[in-house]
Amino acid sequence: MYFEVNGRKVFASTGGKPFDNTKPVVMFLSGSGLDHTFWGLQSRFFAFRNYAVLAPDRPGHTHSEGPCLESIETIAEWLHDVVESLGIDRLSIVAHSQGCLETLEYVFRYPDKVRSATFIASGLATPVNPALIDAAENDPQSAIAMMISWGFGQAGHLYQGPIPGNSMVGGGWKIMGRNVPTALATDLRACDNYKNGKAAATSIACPRQVILGGKDRMAPRKAGMQLVEHLRQPELHIIENSGHMLPLEAPDECRSLLRDFIFANNPAS
Amino acid sequence: MSHFNHFDTLSLHAGQTVDDEFGARATPIYQTTSYVFPDTDTASSIFNLERGGHAYSRITNPTVAVLEQRIAALEGGSAAVCTASGMAATFCAITAILSQGDHIVASSQMYGGNISLMKNTLPRFGITTTFVDPTDSEAFRAAIQDNTRLIYGELIGNPGLDILDLAAIAKIAQRYQLPFMVDATFNTPYLCKCFDHGVNITIHSVTKWMGGHGVAIGGVVVDGGNFDWGATDRYPTITEPYAPFSGLNFWEEFGPSAFATRIRAEAMRDIGPSMSPMNAFLLLQGLETLSLRMDRHLSNTKVLLEYLGSHEQVSWVSHPDLPDHSSHKLAKKYLPKGAGSIVSFGVKGGRDAGRAFIENVELASHLANVGDAKTLVIHPATTTHSRIDAEALVAAGITEDMIRLSVGLEDVRDIKVDFENGFRAAKKIASA
């Protein structure tokens with residue numbers, strides 16, 4: 001669906017059901033250069049289990065009007081505007097990679113808004129190799145190739161798909177291809193510049209869940225465990241055979257973990 | 001970088017991880033109609049496209065999925081759907097986005113089955129086609145109507161072998177916000193990756209060079225994931241809620257694989273032209289050696305072009321790699337390794353001499369197929385294109401003396417020996 005935030009058009013997938021803010025809401029936030037389609041194998045499940053689903057494209061990404069937002073802090077404020085403009089009350093956030101930094105900052109600023117927060121494939125910060133930022137700006141196809149290579153584990157590298165006949169790598173390439181050079185480069189710089197993760201994580205009091213990939217090379221286990229440490233005993237799951245793109249590489253495991261966590265902490269009627 | 005992306009590697013490995021129960025290295029043949037669900041929630045989730053998985057082999061099958069994912073990887077697409085034949089692929093792809101009242105602009109020089117589908121079958125469902133000269137890119141633009149919803153062609157036209165100017169036609173398609181669908185059977189992704197030149201969807205008869213051994217019929221539709229179906233309101237089958245799946249919006253939910261998912265959700269379910277697991281296995285064996293075979297097809301073709309071009313019983317030879325072919329420049333641009341292994345030539349003495357040639361070769365098989373490991377010959381005017389009228393025959397570039405040769409993998413010296421027998425018989429007819 002399209003809606004307006006601060007006078008600009010925003011697109012969000014609603015999981016195949018009309019958005020209804022009287023239901024508990026699950027908001028899915030994607031990683032750098034990605035969009036709503038990243039969450040197809042989780043979002044539709046919740047939409048058909050009496051939740052309202054919102055998987056927005058960040059400003060300047062895929063179907064949402066620009067300009068791109070240049071810092072995690074600005075995106076956190078934009079998320080607040082999204083929540084307010086749609087009248088969202090009972091909110092669970094499910095975030096991946098860059099979306100996790102946005103969630104840390106959003107919950108830090110607006111702690112009363114969130115019933116639960118799930119952090120998938122992230123640490124407290126996401127320092128980005130300058131070569132990747134440079135490639136995103138000047139040689140986007142090379143940047144996508146690097147992210148595809150580092151982002152996926154074996155199944156992705158072998159062009160398998162979570163849906164028979166689909167290619168994770170092929171789909172990921174097309175999604176990021178829509179968001180280069182500006183959106184991807186802006187996202188990567190925003191990640192690289194974000195420094196408030198430690199303070200934000202320590203402040204979060206709502207139920208929190210962390211899901212890490214055992215073969216994640218973009219947010220390695222060591223970085224993920226720093227997030228776990230500062231979130232103070234979150235529910236932790238490590239899916240050993242997955243790379244960074246957990247919602248695609250291990251969609252069923254992710255969905256099951258999300259189901260149990262969100263059903264318990266933000267139940268639908 | 002551990003992201004494997006070279007053709008020979010992908011043709012062997014893409015789409016498959018080793019079976020973790022028994023460690024089978026080859027792709028197992030899942031010869032089953034259906035799959036046991038662990039619980040009702042899983043079953044309903046699969047049926048509602050909330051998760052991946054297999055429910056019934058008409059829709060998906062694990063062996064077929066490996067072939068689909070492998071071809072998608074080789075093409076650089078986001079998804080693929082295999083079908084029972086190449087014609088089934090074409091029908092499913094077109095009807096996924098076109099409905100009654102819609103219009104296609106298509107090349108006039110295509111496989112007879114494609115021509116017949118668009119000229120005879122689709123009009124019964126209210127879908128009409130304007131055929132245009134494939135060598136005139138501007139003709140594609142001129143034929144676009146308000147109700148046009150698709151531009152269609154074959155990169156290497158069958159059997160005249162004219163080459164589509166992909167980039168020029170893609171530019172027109174983009175300007176008019178129309179998808180550009182190409183039957184890429186004759187080139188395979190080894191010779192040309194059509195998506196790199198602006199094509200949005202490719203169709204293959206996998207039966208041909210991809211399978212390459214003449215043992216299984218199959219087709220595939222590959223979604224390039226590079227067409228924005230939501231940019232206009234012309235493609236409601238992709239962008240509007242689909243009632244049978246609780247109002248699923250393919251464009252919204254599946255993004256770059258929206259088109260392929262629509263085919264799977266509708267055509268495979270409601271029409272059911274599915275590929276059998278056994279055929280998928282056989283076609284996978286062929287696909288593993290595609291590049292090796294294509295290189296040999298091309299080298300044999302090169303030798304035979306020289307041989308035929310200097311033969312006294314041959315009145316003309318046509319192949320885009322020949323400098324005098326009207327598409328030679330485009331062939332160099334889009335098919336730098338070589339413009340495939342189909343050769344058209346005329347036998348002196350016309351129709352009867354052509355028949356004598358075909359009936360007197362022993363190694364080359366007279367049959368209605370191309371892209372086999374074995375050399376094949378046929379007379380299009382009386383076989384593959386016999387159901388199209390004289391006017392369309394001319395438009396398709398077919399003459400009565402034309403022989404279509406599909407160059408095989410035999411030792412090329414033996415192919416020449418075989419052809420000498422055919423030409424001797426043709427000469428007797430011609431001089432009688």
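Order of the sequence lines fixes the chain letters, A, B, ..., with proteins taken first and strands second; residue numbering starts at 1 for each chain. The figures that follow rest on heavy atoms only: side chains count, while hydrogens, waters and symmetry mates do not.
For the 3.5 Å distance criterion, the side chains of D8(B) and S291(B) qualify, holding a donor opposite an acceptor. For the residue pair E75(B)/T202(B), the side-chain donor-acceptor check at 3.5 Å is satisfied. A donor-acceptor contact closer than 3.5 angstrom links the side chains of S13(A) and E253(B). Of the N and O atoms on the side chains of H237(A) and E253(A), not one donor lies less than 3.5 Å from an acceptor on the other residue. Side-chain contact, N179(A) with T62(A): a donor N or O sits under 3.5 Å from an acceptor N or O.
Ranked by non-hydrogen atom pairs under 4.5 Å with chain A, the options T17(B), T42(B), D228(B) are led by T17(B). Of the listed residues E68(B), Q16(B), H54(B), Q69(B), the one with more heavy-atom pairs under 4.5 angstrom with chain A than any other is Q69(B). Taking chain A as the reference chain and counting heavy-atom pairs below 4.5 Å, the highest number among G255(B), G225(B), G15(B) is found for G15(B). When the candidates N48(B), V64(B), I46(B), T261(B) are compared by the number of heavy-atom contacts under 4.5 Å with chain A, N48(B) comes out ahead. Taking L49(B), L67(B), V66(B) one by one and counting their heavy-atom pairs under 4.5 Å with chain A, the maximum is reached by L49(B). Per-residue counts of heavy-atom pairs under 4.5 Å with chain B were compared for M1(A), H63(A), Q154(A); the largest is that of H63(A). Interface summary for chain B: among L41(A), I175(A), L158(A), the most heavy-atom pairs under 4.5 angstrom belong to L158(A). Annotation: maximal heavy-atom pairing with chain A below 4.5 Å, among G230(B), A258(B), G53(B), C82(B), occurs at G53(B).
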| request: Begin with the C-alpha distance, continue with both residues' side-chain angles, and end with the deciding distance and a verdict on ring-ring contact (aromatic ring centres under 6.0 Å, His included) for H96(A) and F38(A). | output: CA-CA 10 Å; H96(A) 174 254; F38(A) 185 70; 4.7 Å; yes
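Checked against the 6.0 Å centroid threshold, W173(A) and Y159(A) do not count as a close aromatic pair. No close placement of the F19(A) and F3(A) rings is indicated, their centers lying 6.0 Å or farther apart.
Side-chain contact between T237(B) and R262(B) is present, with heavy atoms from C-beta onward closer than 4.5 Å. Looking only at side-chain heavy atoms (C-beta outward), P62(B) and Y35(B) come within less than 4.5 Å of each other. Taking the side chain as every heavy atom from C-beta outward, T95(B) and F91(B) approach each other to under 4.5 Å.
Note: F47(B) and F37(B) have perpendicular aromatic rings, judged against thresholds of 30 and 60 degrees for the angle between ring planes. In this structure, F263(A) and F45(A) have parallel ring planes: the angle between them is below the 30° cut-off, well short of the 60° mark.
In this structure, the portion of R264(B) lying under 4.5 Å from any heavy atom of chain A is its side chain and not its backbone. Contact annotation for T14(A): both backbone and side-chain heavy atoms come within less than 4.5 Å of a heavy atom of chain B. Neither the backbone nor the side chain of D223(B) has a heavy atom closer than 4.5 Å to any heavy atom of chain A. If you measure heavy-atom distances from A14(B) to chain A, the contacts under 4.5 Å come from both the backbone and the side chain. Heavy atoms closer than 4.5 Å to chain A are found nowhere in I59(B), neither backbone nor side chain. For chain B, no part of F46(A) is nearby; none of its heavy atoms comes within less than 4.5 Å. Proximity to chain A is absent for every atom of T9(B), based on heavy atoms less than 4.5 angstrom apart. Heavy atoms closer than 4.5 Å to chain A are found in the side chain of S257(B), but not in its backbone. Heavy-atom distances place no part of M168(A) under 4.5 Å from chain B, backbone and side chain included. If you measure heavy-atom distances from P162(A) to chain B, the contacts under 4.5 Å come from the backbone alone. At a 4.5 Å heavy-atom cutoff, the contact between A12(A) and chain B is made by backbone atoms alone.
Note on R49(A) versus D41(B): salt bridge recorded, some NZ/NE/NH1/NH2 to OD/OE distance being below 4.0 Å. For the pair R255(A) and E50(B), the salt-bridge criterion is not met [side-chain N within less than 4.0 Å of a carboxylate O]. Under 4.0 Å is where a charged nitrogen must lie from a carboxylate oxygen, and between E240(A) and R221(A) at least one such pair does.
For residues 24-36 of chain A, a heavy-atom distance under 4.5 Å to chain B picks out H36(A), given by residue number. Residues of residues 238-246 of chain B lying under 4.5 angstrom from chain A, judged on non-hydrogen atoms, are F245(B), S246(B) by number.
Within 6.0 Å of the CZ atom in F48(A), the count of heavy atoms belonging to other residues, nucleotides or ligands exceeds 12.
A ring pair (Phe, Tyr, Trp, His ring centres under 6.0 Å) with F227(B) is found for exactly one of F180(B), Y235(B), W251(B), namely Y235(B).
Looking at S256(A), its side chain does come within 3.5 Å of a backbone N or O of D252(A) through a donor-acceptor pair.
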